[in-house]
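Okay, structure first, notes after.
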Amino acid sequence: MPTKPKTNQPKTPNTLQERDFFQTPNYAVDLLIPYLCKDWTIWECAAGNGKIVNRLQSNRFEVFGTDLRTGHNFLECVPDRSFDAIVTNIPFSLKQEFYNRARRSVFYSVPFAFLMPVDFCGWILRAMQDEKMQWLIPTRRIDYITPTGKQGATS
């Protein structure tokens with residue numbers, strides 16, 4: 001069987017990439033809400049245009065958002081505020097780096113919820129088994145809002 005070579009995209013954690021600008025529809029955030037404590041302060045560390053921040057705030061959560069545009073690179077720094085949990089739609093190109101930083105950094109020893117595609121590559125399978133991660137898998141595919149504003153049937 002012929003094999004198709006995989007072309008890895010460059011990882012540029014300090015540069016905004018269009019493929020990382022997919023925004024989260026409200027119904028995807030709503031899946032997480034029952035698992036979040038109302039008294040937590042939540043950090044949205046890849047806030048983009050603020051869809052997750054706005055949705056959580058409209059559900060009476062205390063939330064603040066940062067990203068590269070606000071001068072906060074999740075992979076390199078911590079915010080100047082305290083927080084109890086991290087909730088974000090991580091940049092697709094940096095999903096493993098974001099996961100490793102949240103899981104292993106002494107700065108972020110808090111619960112986190114990452115919306116991310118699960119392609120079941122080796123590292124994520126090992127994390128599921130070795131680190132006893134909990135997963136919330138939607139019953140249908142999430143129609144993320146594209147960088148051009150295109151969205152699926154529901155938002």
Side-chain angles (χ1 to χ4, degrees), residues 9 11-121 123-124 127-128 131 133-155:
Q9 297 294 320
K11 293 186 184 290
T12 56
N14 293 307
T15 305
L16 300 170
Q17 295 188 45
E18 184 177 9
R19 65 192 166 136
D20 293 333
F21 279 105
F22 283 71
Q23 294 292 305
T24 307
N26 289 337
Y27 68 88
V29 179
D30 293 345
L31 295 171
L32 299 174
I33 288 175
Y35 302 95
L36 303 174
C37 293
K38 285 288 187 182
D39 61 345
W40 281 351
T41 297
I42 298 172
W43 177 25
E44 211 295 38
C45 61
N49 294 335
K51 295 239 346 134
I52 292 175
V53 170
N54 294 337
R55 187 61 173 185
L56 290 173
Q57 286 175 338
S58 73
N59 281 275
R60 302 180 191 263
F61 286 94
E62 182 178 342
V63 185
F64 66 97
T66 64
D67 65 14
L68 287 178
R69 293 179 284 187
T70 65
H72 290 89
N73 182 340
F74 176 77
L75 300 174
E76 296 176 356
C77 65
V78 295
D80 54 4
R81 298 180 56 170
S82 63
F83 55 94
D84 302 296
I86 301 168
V87 175
T88 194
N89 172 1
I90 62 175
F92 179 77
S93 68
L94 299 168
K95 61 186 173 183
Q96 188 170 3
E97 288 80 2
F98 265 63
Y99 171 81
N100 288 336
R101 176 77 170 177
R103 192 72 179 138
R104 294 181 175 84
S105 174
V106 296
F107 300 113
Y108 306 139
S109 56
V110 299
F112 61 92
F114 286 167
L115 295 165
M116 61 186 264
V118 179
D119 53 11
F120 291 103
C121 53
W123 72 268
I124 202 72
M128 289 173 67
E131 301 177 29
M133 300 299 296
Q134 296 179 5
W135 290 76
L136 175 63
I137 301 174
T139 57
R140 66 184 180 105
R141 184 183 175 115
I142 303 296
D143 292 322
Y144 290 95
I145 302 163
T146 70
T148 61
K150 184 180 181 219
Q151 50 192 346
T154 57
S155 60

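Each residue takes its place number in the sequence, starting with 1.
With sequence neighbours left out, the salt bridge (Lys or Arg N to Asp or Glu O under 4.0 Å) criterion links Arg81 to Glu62. With sequence neighbours excluded, the residues that form a side-chain hydrogen bond (donor to acceptor under 3.5 Å, both in side chains) with Thr70 are His72. Every residue two or more places apart in sequence or in another chain that forms a side-chain hydrogen bond (donor to acceptor under 3.5 Å, both in side chains) with Asn100 is listed here: Arg104. Residues meeting the ring pair (Phe, Tyr, Trp, His ring centres under 6.0 Å) test with Phe114, sequence neighbours left out: Phe112. Residues satisfying the salt bridge (Lys or Arg N to Asp or Glu O under 4.0 Å) criterion with Asp84, sequence neighbours excluded, are absent altogether.
Panel note: side chain Tyr27, backbone Asp143; a donor-acceptor pair is recorded below 3.5 Å. At least one donor-acceptor pair closer than 3.5 Å links the side chain of Arg101 to the backbone N or O of Phe74.
For the pair Phe61 and Ile33, the minimum side-chain heavy-atom distance is below 4.5 Å. Residues Ile52 and Asn89 are in side-chain contact: their nearest non-hydrogen atoms beyond the backbone lie under 4.5 Å apart. Side-chain contact between Leu115 and Leu32 is present, with heavy atoms from C-beta onward closer than 4.5 Å. In this structure, Asn49 and Asn54 have side chains that are not in contact, with every pair of non-hydrogen atoms separated by 4.5 Å or more. You'll find the side chain of Ile145 stays beyond 4.5 Å of the side chain of Thr24, heavy atoms only.
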>> Please evaluate residues Val29 and Val87 with respect to the criterion side chain to side chain contact (heavy atoms under 4.5 Å, CB included), reporting the C-alpha separation (whole Å), side-chain torsions for both, the decisive distance (0.1 Å), and the verdict.
In response: CA-CA 9 Å; Val29 179; Val87 175; 5.9 Å; no

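Here salt bridge (charged side-chain N to carboxylate O under 4.0 Å, His left out) pairs that include residues 36-49, with residues two or more places apart or in two chains, number zero.
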